[in-house]
Amino acid sequence: MTRILVVDSGYGGLTVLREIRALLPAADLIYLADDAAFPYGDWEETALTAHIIETVSGAIADHAPDCVVIACNTASTLVLPGLRARFALPVVGTVPAIKPAAAATRSGSISVLATPGTVKRDYTRALIEEFAPGTDVTLVGAPHLANLAERHLHGEPIADTAISDEIAPCFVERPAGRTDHVVLACTHFPLLRKAMNRLAPWPVTWIDPAPAIARRVEQVLDDPGDRAAGGQVFLRTSGAAWTLPESAIFN
Ligand code: DGL
């Protein structure tokens, strides 16, 4: 039985877990919400690197997975090389989908909506240089959006203005045209997609890389299993007890 370990700082990585589950229903999935350390977006880089390496090492020792998915941009843009150097098993990351956004834009203006940590990363700048030359890229580090997404997932009502304030800097009017693609560069943000769509000052295409990550997981596995269901999902946290009902996980 194939086992896949999926790790995020909290519940945002569930947006990736859902896609892996849909594509590989025969695999066992272990989801680790490192909620004791949430939000990763506020951490200093050296401390976060050490913390993630320790956390993932412990989870690999506990669960012996065939593949690890870092379902978090804030972590992936920092620790993928370190994790890959340390472990022989495949490590799939989640990094800002700048390449498809730059390829698809018609106005030449895209935005990257991420945590404050991800927008500061050299990794993110390098993606822009490599894949978006000639495109106007607005980097938006949203300080509260991951937290709002967690609260929304747990059923708390979230004021529209709180979401609008976070996404507003993504919408830029330039003489050549206005923003037409927004990269969801934090796995929490697709949890708020309906509200973001409704509150957007004009329609844009939101790019969620989760389905592509699931396909990448399938590629790196020696035995991805068949399409029949049968895999189990194990939910773990590093802090508070898991309270989210299953209906909210796969919804
Ligand atoms: N889900 C994480 C990401 O994709 C970020 C949330 C956090 O700040 O911990 O970046």
Side-chain angles (χ1 to χ4, degrees), residues 5-20 31-56 59 68-80 82-83 91-98 100-101 111-125 127 139-154 158 162-163 166-167 170 182-193 196 206-214 216-217 235-240 242 244 248-249:
L5 171 66
V6 181
V7 183
D8 182 30
S9 57
Y11 295 80
L14 292 174
T15 59
V16 177
L17 185 90
R18 288 170 184 170
E19 297 295 333
I20 298 173
Y31 185 84
L32 173 60
D34 185 13
D35 59 340
F38 180 84
Y40 282 173
D42 288 356
W43 280 61
E44 185 278 317
E45 293 194 354
T46 311
L48 184 57
T49 303
H51 171 79
I52 292 169
I53 289 184
E54 192 189 332
T55 302
V56 173
V68 179
V69 181
I70 306 300
C72 175
N73 295 258
T74 311
S76 296
T77 48
L78 197 57
V79 300
L80 282 183
L83 291 173
V91 178
V92 175
T94 311
V95 300
I98 289 163
S111 292
V112 178
L113 183 60
T115 65
T118 298
V119 302
K120 276 191 253 153
R121 302 271 188 265
D122 292 343
Y123 195 111
T124 304
R125 311 259 161 190
L127 287 176
L139 284 171
V140 178
H144 309 299
L145 205 54
N147 186 257
L148 296 175
E150 293 249 322
R151 287 166 45 199
H152 167 72
L153 185 67
H154 285 82
I158 306 295
I163 298 171
E166 299 280 308
I167 67 171
C170 292
V182 178
V183 178
L184 297 176
C186 169
T187 52
H188 281 72
F189 298 167
L191 297 170
L192 291 171
R193 193 186 335 220
M196 292 195 296
W206 306 95
I207 299 195
D208 173 8
I213 294 158
R216 181 69 193 141
V217 172
L235 305 165
R236 301 282 182 270
T237 57
S238 60
W242 186 282
L244 200 64
I249 297 168

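We count residues from 1, following the sequence as given. Order of listing sets the numbers, starting from 1, for every ligand and every atom in it.
- Taking the six-membered ring for Trp and thresholds of 30 and 60 degrees, His188 and Phe38 have ring planes inclined between 30 and 60 degrees apart.
- Looking at Val217 and Val16, their side chains never come closer than 4.5 Å, going by heavy atoms from C-beta outward.
- A side-chain hydrogen bond (donor to acceptor under 3.5 Å, both in side chains) with Tyr40 is found for exactly one of Thr118, Asp34, Asn73, namely Asp34.
- Contact annotation: for Asn73 versus ligand 1, heavy atoms closer than 4.0 Å belong to both the backbone and the side chain.
- When the heavy atoms of Thr187, Leu191, Asp42 are ranked by distance to atom 4 (O) of ligand 1, first place goes to Thr187.
- Heavy-atom distances between Gly12 and ligand 1 stay at or above 4.0 Å for every pair.
- Applying the 4.0 Å criterion to heavy atoms of Thr115 picks out, from ligand 1, the atoms 5 (C), 8 (O), 10 (O).
- The N/O atoms of Gly41, backbone and side chain alike, include one that comes under 3.5 Å of an N/O atom in ligand 1.
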Problem set entry | Test side chain to side chain donor-acceptor pair (under 3.5 Å) applied to Thr74 and Thr115, step by step | CA-CA 7 Å; Thr74 311; Thr115 65; 2.9 Å; yes
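- For atom 2 (C) of ligand 1, the closest non-hydrogen atom on the protein side is Cys72 SG, 3.2 Å.
- When non-hydrogen atoms are compared, ligand 1 lies under 4.0 Å from the side chain of Ser9 (C-beta onward) but not from its backbone.
- Of all the heavy atoms of Asp8, the ones lying under 4.0 Å from any atom of ligand 1 belong exclusively to the side chain.
- Exactly one residue among Val7, Val91, Leu78, Thr49 makes a side chain to side chain contact (heavy atoms under 4.5 Å, CB included) with Leu83. That residue is Val91.
- Using bins of under 30°, 30° to 60° and over 60° for the plane-to-plane angle, the ring pair Tyr11/Trp242 lands in the tilted bin.
- No side-chain heavy atom of Ile167 sits under 4.5 Å from any side-chain heavy atom of Phe189.
- Among all non-hydrogen protein atoms, the one lying nearest atom 10 (O) of ligand 1 is Thr74 OG1, 2.5 Å.
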